[in-house]
Participant: 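Please find one structure pasted underneath; my questions will follow.
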Amino acid sequence: ALFVEARYLKEALARLADILQHAVFPPEEFEKERAVVISEIQMNLDDPDRRIHQLWGFGFIEDLDRLPATDGFNDMSRWSKLEIVLTRQGTVDMVGIVKPSGYLPFDVAAMDAVLSAGPFGAPPAVILSPNGKVYLHWRFHRNHMQCGTFGVDAFILDRAPGAPAD
């Protein structure tokens with residue numbers, strides 16, 4: 001809270017506006033804060049990663065090893081990227097294909113793993129977009145890379161989808 005005597009209000013507001021409009025963050029401070037935010041994102045991904053990996057890595061991928069090597073699922077270079085949107089409560093709001101693998105059943109299986117693994121824990125407020133959602137791009141591989149968090153990019157939108165630009 002900020003308390004100012006009425007006679008100093010105009011000057012206090014001018015100074016506060018100057019601070020907010022011309023704030024300078026030293027690069028080392030910015031990097032420290034960036035590291036904290038990235039750490040919070042990674043911690044938040046632990047729960048979805050464990051649950052998705054159970055279904056994808058220890059379920060679906062292992063089942064594919066029983067199929068003939070010539071089966072469309074067994075192209076070891078196959079991978080797809082999904083966009084996953086989570087609500088502030090951790091439920092899956094939307095899953096879409098950003099980069100198809102070239103084999104639709106593979107992409108659908110990745111989407112099914114995400115939908116079946118949820119809901120997840122509530123994400124920390126620091127990674128929520130203005131519309132209260134978390135946006136992730138998550139890569140699903142057929143090979144040994146499977147679906148680890150190294151293949152996840154989180155996005156914080158600067159405005160809600162469909163909102164007018166400034």
Participant: With heavy-atom distances below 4.5 Å as the criterion, would you say the side chains of Leu86 and Phe120 are in contact?
Facilitator: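 Side-chain contact under 4.5 Å: yes.
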
Participant: Do any side-chain atoms of residues 54-65 form donor-acceptor pairs under 3.5 angstrom with protein atoms, and if so which ones, sequence neighbours left out?
Facilitator:
from  : atom 1 : to     : atom 2 : distance (Å)
Trp56 : NE1    : His141 : O      : 3.3
Asp63 : OD1    : Arg66  : NH1    : 2.7
Asp65 : OD1    : Arg142 : NH2    : 3.1

Participant: Quick one: which of Arg139, Lys81, His137 gives a side-chain hydrogen bond (donor to acceptor under 3.5 Å, both in side chains) with Asp153?
Facilitator: Arg139

Participant: Would you indicate whether the side-chain heavy atoms of Phe140 and Leu82 approach each other to under 4.5 Å?
Facilitator: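 Yes, at least one pair of side-chain atoms sits under 4.5 Å.
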
Participant: Is there side-chain contact between Val114 and Ile52, with at least one heavy-atom pair below 4.5 Å?
Facilitator: yes

Participant: Measure from NZ or CZ of Lys99 to the centre of the six-membered ring of Trp79 and say whether it is under 6.0 Å with the direction within 45° of the ring axis.
Facilitator: yes

Participant: Any donor-acceptor pair under 3.5 Å linking the side chain of Asp47 with the backbone of Gly121?
Facilitator: yes

Participant: Do Ser101 and Asp107 have a side chain donor and acceptor closer than 3.5 Å?
Facilitator: yes

Participant: Does one side chain, of Ser129 or Asn131, offer a donor that lies under 3.5 Å from an acceptor on the other?
Facilitator: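 No, no side-chain donor-acceptor contact under 3.5 Å.
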
Participant: To the nearest 0.5 Å, what is the distance between CZ (Arg88) and CD1 (Ile127)?
Facilitator: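 So the CZ of Arg88 and the CD1 of Ile127 are separated by 12.0 Å.
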
Participant: Just so I know, are the side chains of Val92 and Val85 near enough to count as touching, which here means a heavy-atom distance under 4.5 Å?
Facilitator: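 Side-chain contact under 4.5 Å: no.
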
Participant: Under 4.5 Å between any side-chain heavy atoms of Ser77 and Asn143, yes or no?
Facilitator: no

Participant: Side-chain donor-acceptor pair under 3.5 Å between Thr91 and Gln89, yes or no?
Facilitator: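 Gln89 and Thr91 do not have a side-chain donor-acceptor pair below 3.5 Å.
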
Participant: State whether the side chain of Arg78 and the backbone N or O of Gly72 hold a donor-acceptor pair below 3.5 Å, judged by distance alone.
Facilitator: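 Such a contact is found between Arg78 side chain and Gly72 backbone.
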
Participant: I would like to know whether Trp138 and Glu83 meet side-chain contact (heavy atoms from CB on, under 4.5 Å); could you show each step before the answer?
Facilitator: CA-CA 6 Å; Trp138 202 310; Glu83 180 169 274; over 6 Å; no

